[in-house]
Structure formats: C-alpha cells, structure tokens
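Below: one structure, written as structure tokens.
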Number of protein chains: 2
Amino acid sequence: MKKITINDVARHAGVSKKTISRVLNEEPNVSIETRKKVEESFIELGYRPNPQARGLASSQSYLIGLLYPSQSNSYVSNIQKGALERCRAEGFHLVIYPEDHENENLISQFESNLYSSNLDGIILTPPFSDMTKLLDLLKEREIPVVRVGALSSLDKIPSVISNDAEASYEMCRYLISIGHHKIAFIKGNLDHGATEQRFSGYNKALKEAGIPIIEQFIQQGNFSFESGEDCARRLLSLKTPPSAIFASNDYMAAGIVKVAKQKGISIPHDLTVTGFDNAPASRYIWPSLTTIKQPITEMAIEATRMLIRIIRKKPLDRLSVTIRNELIVRESSAPAKT
Amino acid sequence: MKKITINDVARHAGVSKKTISRVLNEEPNVSIETRKKVEESFIELGYRPNPQARGLASSQSYLIGLLYPSQSNSYVSNIQKGALERCRAEGFHLVIYPEDHENENLISQFESNLYSSNLDGIILTPPFSDMTKLLDLLKEREIPVVRVGALSSLDKIPSVISNDAEASYEMCRYLISIGHHKIAFIKGNLDHGATEQRFSGYNKALKEAGIPIIEQFIQQGNFSFESGEDCARRLLSLKTPPSAIFASNDYMAAGIVKVAKQKGISIPHDLTVTGFDNAPASRYIWPSLTTIKQPITEMAIEATRMLIRIIRKKPLDRLSVTIRNELIVRESSAPAKT
DNA sequence: GAAATTTATGATAGCGGTGTCATATCTAAT
DNA sequence: ATTAGATATGACACCGCTATCATAAATTTC
C-alpha cells in the first residue's frame, strides 16, 4: 500500500495540484463539476493529505494544546473529553500538557514546549487560566488562547466559565429551604479562582435570609480529603455545631462524612453534608453526596469551538460564555431537625 | 521576533545546512569544533527546528498516540502521566485517543484518525491491547505499537504487564492469614483481560489453603459501583454469608461497603471488604479500602520508553516487561471473628 | 459590443528541513 | 611514499503541500 500524494490525485482527476488543494481547503472558485470530480478521485484513490506537508506549507499544525494541573482528577478527564470531541469533529488533534502549577520554571519550560510543537492554539484550565505571565507569553507569541474557568475577565481573551457563585448561592438556598440555618462553609485553596466565588454565593444567600455569618463556621480547607477531615473535627467539636456543612468540593465533603461517621454522627439524620463538583467519589461514598454538577465537558467543548474559530480567523459571537451548573440532591442532605 | 531557520544558523556558523542538520540529529561525522560552533549558534540565535519540516523531510511526526477507553477513570490519568513523562523527556508529544471500545466502527474510525495524524507510534491500553483487529491494522500500517496490560502475549508485539494473578493471590493469602476462610470473590467484565487473571489468583490461593470454593461465593460483576451493590445484596443474604469479600476493583468494593452499611453490618468488624486498583475513591470512602496498588504510571513510562526505542529502531532488551503490584492494607479489613 | 469585472484554473516557487551522493581531508596500512 | 579506508563537509534534489501571480473563460456593465 503505497502512499497517495496530491500529485496522484491531480493526475487522476486531470487537474492541477493547486485545484486539489483548493478542494481540500474548501476554498472558493472551484466549479461544481471540478470539485465533484476531485472528491471522487479522493475516494477512489483513498487519498489522505499529509498533515506535515500541509503544516509546513501553511504554517499550521492542526494541534491544539491543553494545559492543566498535573495532579489531575475527574475535572481534567471531563475537560479532555469535551476538548477532544470538538477537535475530532474539526480535524484537529489534542496534545496534553499536565504541568505543576507551582513550578517556578513553568513559563520557560512551557515556552520550550511551545517551540517544539507549533501548536495552533491552547486551552487553559484553572489555575493556569489566571496566570498573567503565561497569558503574556502566549500573547507575545501570538498563539490563540481560550481560558476555561477563569476568575478575572481579561480584555480580548475569550473564556468559558460556569456560574459558581450562583450555584453556591443555590445550594445554600436549598439548605435554608429545608430548615438549616446553622450552615458551615469550607473554603478551598485561596489561589484557586473558584474559591472566592463559591464563598461569595454562601455569603449572599445567608445575608439575604437574614442568617448571621458565624466566623467559626467558616473553615479554611485546601480541596483535599484530609483538609476536609481537619475542618470537620474542628466544626463538630464546637459547643453549637452546625447542622449542615457545605464543602466547596467533594473530596473535602468526603472527609467530613468520614469524621462524622467515626464520631457516630448519622448523615443526613444528624448532619447534612454537601459538596461541589460531582466528582466520581461523590457517588461512591455512602451516603452519596448532594453536590453541584459542573458542566465541565460542555465548557471544554465550547472553549475548543471558540479556539478553532479563532484559529480559522472567524469572528466569535461572544468573548465570554457562561455555562450553568446544576444542583444534584442525593442522600447526604435532609431537613434540619426541629 | 522573526523565525530563525536552518539557513540563518548555517550562515551564522559558516557551515552548510546539512551540517546543521547533522548536529541537530546527533549524526556522526561532525568534528568537535564544528559541532561546538553550531551549538553556540543555536543558542545565540535562539534557533528551534520546525517540527513540521523535519517531519515532512524525514517522515516522522514526533507524535505518539495513546488509545484508551473513553469512560475514563483514574487508571487512564495515571497512564497519561507516565506516558507523558517519557514523551517529554525524549522530545515527543502525546496525542490522546479515548475511544468507545464497544463501538462497531472503531477500527475504521481509528484508521482515518491514523491517517490524519501520522503517528510515529501507539500505546494501547486495555481492552484495546487485546483487540486483534486493531493489532492487525497497525501491523499492516507498520506503526510501532506497545501494549499495556495485555492478556495474551502475542509474538513480536512488545508489552508491559502487571502481575495481577499474583497480586490477587497475595490478597487472598493475606485474607486467609488473618483467619478468613469464607471468602467471596466478585469478578469484573469477562471481556476485560484482568478479570480472568484476578480470578485465577483467588482460585489458586484457596485451593492451596485447602479451602473449598463455594459457587455462590463467586459473583459476576462488571466493574461498576452498582454491580458491586447487587453482588453484595446477593452475598449478604446467603444463609452462611462470607466473612470477607474480595472485589476485583475498588468501585465494586465501594458498592459492597455501601450495602453492608445500609444493612447495619460493620466493616471491618463483621465483614472484611477489599478491592483492587487503588482508585482515588478507595481512600475517600469510610472505612478506606484495603486494595492492590497497580504501578500504572510506571507501566506507562516503561511502555513509552520501549515504544520510542522501537521508533528509533534501537533494540529492545525484552519483549515483555512485568511490573509488580503492591498490597495496601487500610481500614476495611480485619481478622475474622472466631 | 467593447471594456471592466468576476470566476476558474494552472505554473512555479517556496515552506524548512533531510537524504543521497560527491568531494576533500585525514589517518592507517602496505 | 603510496594506497585504501575512514572522517568531515557541502551541493542539490526532494518531502507533499500551499501561496502568489498569471492567464483564460465567463459574466456583468454601460
């Protein structure tokens, strides 16, 4: 099975290389009959254009990079799923770059990676979405970028976000609606954009309901299972413990569930625990967690769609797209005891 | 910042393009002084070779594909981690292909993907590692392949495996050693290679210990949380229920834990439950699971190392490499009640 | 119906490297 | 000293495609 090149097709269809190229790239100014003839030749010969050659001639690579934190989790796999779906549909390939976001040399290392791959565009996930140095680098290189889950909205850089503050607000409204007013909140890392937003929804909901915010009910975690355990120990040993604990991610919530059970506290009978993210573990623990499902895959699809439009130099409808979260009520929440 | 090409470097160093190319590719027959001079020019000019051009001229792409099942989990992210580590170190890029393994058109779809990307090589993960049609396709195309976690050992196709049967054996030995002899086993999907191996370890250990194998103690699951629940319900309603249940993955084990707790059965006091895989969820549930840690990342590193050797046409030390699993004892197992 | 556009097509020169082969220089062997 | 072989380097074609520009044919305009 020898390779079929554009010359073979040209000969077969009785036209010039350039016309083949025009059909390939959907350029205008090809008559309908010619186009048809060429497309038939494609099929008949089983022709596949060589991406290397196209890339060289057009200075494109048909490669899109995905930058994400290396201690990856279900968030990442959903992002990948969405990004790939679009890439595939549009004839691009996805190259993944898990990077340690605390790495001092990130920028320079990533820069050398950029060089060696000629990416057509890059998708940034948190916390990279908010790293200004990185954004500057990409701007300088004129590499198209789309940011996912970014905190700040930067001029001219397109982004896709979810409404975390609102979802957090909604979760608290739900808790209040089933009778809770002693609601604790566990924050995540402060350097993660979502932390602030999720907390703001909590604040808003409580204020609105006229519930005073008790300082001891606000605990600082770091998104890890262990930090959830620590916070739970502190919260559950208060003289007046909360009747509901809202952790800003599911892993911390799982830690709370564990500590509560160890203390013989029944969930949700004695204590309601809720999380955020709808991580796989939220289904696997018992009781399963009431949580917020982020439309991660959908966000990635949208981000990739936007990126490819930019690469193709087509206009974007909007510079920032928001995709809505969804409250999922499972077994870990119940009305407050009266 | 304009692009520096090989011609610029050639002029700067006062040698021909070809000599630059030689230095770039570490070819022999370049004098030490020349090499030094050229390397200095690289740095001074900030030269980066264009991968597209290299690819076109040498019919390489510096791209490695990773094929894995699309309902991805922690297994996949560990595989990615390992594969990437090696790719990066060797100047390759990783392109990911999550595919539905039950898709009828997998082969033809994947084939068209192959065409459009010119991969230098491919890493196959289960259950793709054992799909003969796929292997045939890749063989026909003469694309280097390494299989991870393959069941059958095929001639000439290199593979990296873990000793699942042994690990399963070891787990059972551990259970027996702490006094269990009513040990149930939950199988996974039959089409997944590991299923059989994990079961064989169970068989061997019990036989060796002179424990009769009770048919009802062998349950058929499908690696899902829900199937674990189902199997648990059946097992725990037997007249003489098992004192230990060994599920062949952690998700099923989590399902068992849930059902047991719902029935008021205390783990590990009344029932020991163990899993396989060391999935993240195995740490997040309570009690945390005794399980088998697979050296997944290490397997991927080794697989990628082998693949790159093949691509570079360097000889392989061994055609099949085995990396050992490890038993991790956590909270879900305890001595049998006497 | 002539001039001005628009549309369709091809010839040719790269894109930035590598492969092949020729040539020049150096070392080892006779 | 002479020759054979190894080592170092360069000239140039070529990888498979796209960009530019020229040209021919079809259409519109006045």
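Reminder, nothing fancy here: chain letters follow the sequence lines and each chain counts from 1.
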Under a 3.5 Å distance rule, please check whether [X] uses its side chain to pair with a backbone N or O of [Y] as donor and acceptor.
X	Y	answer
B:Thr125	B:Leu67	yes
B:Thr297	B:Asn78	yes
B:Ser61	B:Asn118	yes

| request: If a protein heavy atom is under 4.0 Å from the base, mark B; if only from the sugar-phosphate, S; if neither, -; do that for nucleotides 9-18 of chain D going 5' to 3'. | output: BBB---BBBB
| In chain order, what residues pass the ring-ring contact (aromatic ring centres under 6.0 Å, His included) check against B:Phe92, with sequence neighbours excluded? |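 Residues passing ring-ring contact (aromatic ring centres under 6.0 Å, His included) with B:Phe92: B:Tyr62.
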| By ring-ring contact (aromatic ring centres under 6.0 Å, His included), which residues pair with A:Tyr97, not counting sequence neighbours? |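 In terms of ring-ring contact (aromatic ring centres under 6.0 Å, His included), with neighbours along the sequence ignored, A:Tyr97 is linked to A:Phe110.
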| task | Could you list the residues that satisfy side-chain contact (heavy atoms from CB on, under 4.5 Å) with B:His12, not counting sequence neighbours? | result |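 Testing B:His12 for side-chain contact (heavy atoms from CB on, under 4.5 Å), a comparison that skips the adjacent residues, returns B:Ser41, B:Glu44, B:Leu45.
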All N/O pairs under 3.5 Å across the protein-nucleotides 24-27 of chain D interface:
none

With sequence neighbours left out, what residues match [X] under side chain to side chain donor-acceptor pair (under 3.5 Å)?
X	result
B:Ser59	none
B:Arg305	B:Glu302
B:Ser129	none
A:Arg48	none

| Side chains of A:Ile123 and A:Val148: does their closest heavy-atom pair fall under 4.5 Å? |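 The answer is yes; the side chains approach within 4.5 Å.
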| query | Please, which pairs that meet salt bridge (Lys or Arg N to Asp or Glu O under 4.0 Å) have at least one residue in residues 95-104 of chain B, sequence neighbours excluded? | reply |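 Checked against salt bridge (Lys or Arg N to Asp or Glu O under 4.0 Å) - neighbours excluded - the pairs reaching residues 95-104 of chain B are A:Arg88-B:Glu99.
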| field | Interface residues of residues 39-46 of chain A with DNA chain D (non-hydrogen, below 4.0 angstrom) | value |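 Heavy-atom contacts with DNA chain D come from no residue of residues 39-46 of chain A; none.
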| From the 5' end of DNA chain C to its 3' end, which nucleotides mark the outer limits of contact with chain A, defined by a 4.0 Å heavy-atom distance cut-off (strictly under)? |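 Range of nucleotides touched by chain A: C:dT7 to C:dG16.
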